[in-house]
Amino acid sequence: MDSSAKTVLISIHPQYVDLISSGKKKIEFRKRNFACPVKRFVVYSTAPVSKIVGFFDVEDIECTTPQKLWENYASVGGIEQKDYFEYYANTSNAVGIRIKKYTPFQNAFNISVLNTTPPQSYKYLTDRDFILVNNLGNGRENV
């Protein structure tokens, strides 16, 4: 993995977080690619959970068309075909984030500890932010 690869905070609906956590969803779908290489995603589970709940390491990020991404990953995408194509209705670009390993936190916590609000799409985090998030999520005091 590129040593300059970043950690990203990403908002995901709770039903998809549950599927990622169970191992049934092995890819996260997005419309836009990332400006920098990404090594991991910190997961913010949207309402009604509204907490940072874990993180996952990236296997690969694939940029292609919605049709091609569906053909390759429908069986591990955790989404119905109708909903998938509604999501990509007005774009020809599709990004698939292949999930290497999901790590749930022992303690979900409020995003306010990062002095930010939930990202509409995503937000880059510093290495220091990830250390804080990982420590809080695993019940350790910030070092």
Side-chain angles (χ1 to χ4, degrees), residues 1-66 68-81 83-89 91-143:
M1 179 70 53
D2 182 343
S3 64
S4 67
K6 305 289 185 189
T7 298
V8 170
L9 175 64
I10 192 169
S11 295
I12 302 177
H13 292 291
Q15 70 266 29
Y16 299 122
V17 174
D18 291 346
L19 290 170
I20 290 169
S21 184
S22 74
K24 292 178 183 171
K25 182 173 174 60
K26 299 181 183 307
I27 190 163
E28 176 63 15
F29 300 113
R30 295 290 155 149
K31 293 179 185 174
R32 293 186 308 139
N33 200 3
F34 304 90
C36 305
V38 180
K39 63 183 168 187
R40 88 173 61 89
F41 287 86
V42 172
V43 178
Y44 173 81
S45 184
T46 62
V49 176
S50 303
K51 303 272 186 192
I52 293 176
V53 297
F55 69 93
F56 62 83
D57 296 320
V58 174
E59 179 75 34
D60 191 25
I61 298 178
E62 186 174 334
C63 302
T64 187
T65 65
K68 190 70 164 169
L69 208 57
W70 180 256
E71 289 169 7
N72 292 340
Y73 300 105
S75 65
V76 294
I79 188 170
E80 296 295 323
Q81 183 175 9
D83 296 331
Y84 175 88
F85 283 103
E86 281 179 12
Y87 176 68
Y88 286 112
T91 183
S92 59
N93 299 315
V95 177
I97 305 161
R98 290 189 13 231
I99 299 165
K100 185 176 193 176
K101 179 184 178 208
Y102 177 74
T103 304
F105 287 137
Q106 296 169 12
N107 305 308
F109 58 92
N110 196 299
I111 196 168
S112 64
V113 301
L114 291 175
N115 294 317
T116 191
T117 56
Q120 186 69 24
S121 180
Y122 65 89
K123 178 186 187 318
Y124 291 103
L125 297 178
T126 65
D127 289 340
R128 185 179 180 137
D129 289 337
F130 180 71
I131 291 168
L132 171 64
V133 163
N134 197 33
N135 285 343
L136 289 171
N138 290 301
R140 298 188 297 266
E141 293 297 319
N142 184 27
V143 180

To the nearest 0.5 Å, what is the distance between CD1 (I27) and CD1 (I79)? 11.5 Å

Would you list the atom pairs, donor with acceptor, under 3.5 Å between side chains in residues 9-19 and any protein atom, with sequence neighbours excluded?
unit_1 : atom_1 : unit_2 : atom_2 : d
S11    : OG     : P119   : O      : 2.7
H13    : ND1    : T46    : OG1    : 3.2

Applying side-chain hydrogen bond (donor to acceptor under 3.5 Å, both in side chains), name anything that partners E71, two or more places apart in sequence or on another chain. Q67

Do you know the tightest heavy-atom contact between V53 and A108? CG1-CB, 4.0 Å

Could you pull out the closest heavy-atom pair between E28 and I20, with the gap in Å? OE1-CD1, 4.1 Å

Minimum heavy-atom distance V133-I52, with the two atoms named: CG1-CG2, 4.2 Å

K68, NZ atom: more than 12 neighbouring heavy atoms under 6.0 Å: no

Identify the two heavy atoms, one from S121 and one from R32, that lie closest to each other, and give their separation to 0.1 Å. OG-NH2, 3.8 Å

Once you round to the nearest 0.5 Å, how far does OG1 of T64 lie from CG of N33? 11.5 Å

Residues at least two apart in sequence or cross-chain that pass salt bridge (charged side-chain N to carboxylate O under 4.0 Å, His left out) with E86, listed by chain then number, are K82

List for me each residue that meets ring pair (Phe, Tyr, Trp, His ring centres under 6.0 Å) alongside F56, sequence neighbours excluded, and say none if there are none. F41

Can you tell me if N110 uses its side chain to pair, donor with acceptor, with the backbone of S112 under 3.5 Å? yes

Is the shortest heavy-atom distance from the side chain of Y44 to the side chain of K51 under 4.5 Å? no

What do the steps show when you test I97 against E62 for side chain to side chain contact (heavy atoms under 4.5 Å, CB included), and what is the final call? CA-CA 7 Å; I97 305 161; E62 186 174 334; over 6 Å; no

Using the side-chain hydrogen bond (donor to acceptor under 3.5 Å, both in side chains) criterion, which residues pair with D60? Sequence neighbours excluded. R98

In the structure I gave you, are the side-chain heavy atoms of V95 and I61 within less than 4.5 Å of one another anywhere? yes

Is there a side-chain contact between L125 and K6 (heavy atoms, below 4.5 Å)? no

What is the ring orientation for F105 with F109, classed by angle as parallel under 30°, tilted 30 to 60°, or perpendicular over 60°? tilted

Find the distance between OG (S75) and NZ (K26) and round it off to the nearest 0.5 Å. 9.5 Å

Can you see which heavy atom on K25 is nearest to which on G77, and at what distance? NZ-O, 2.7 Å

Aromatic ring centroids of F29 and Y87 under 6.0 Å? no

So, using ring pair (Phe, Tyr, Trp, His ring centres under 6.0 Å) as the criterion, who are the partners of Y88 when residues are at least two apart? Y84

Does atom CG (D127) have a neighbourhood of more than 12 heavy atoms from anything else shown, all under 6.0 Å? no

To the nearest 0.5 Å, how far apart are CD in Q106 and CG in N138? 5.0 Å

Please find the pair of heavy atoms, one from A94 and one from L69, that lie closest to each other, and give the distance. CB-CD2, 3.7 Å

Between F55 and F130, does a ring-ring contact (aromatic ring centres under 6.0 Å, His included) hold up when you go through it step by step? CA-CA 10 Å; F55 69 93; F130 180 71; 5.1 Å; yes

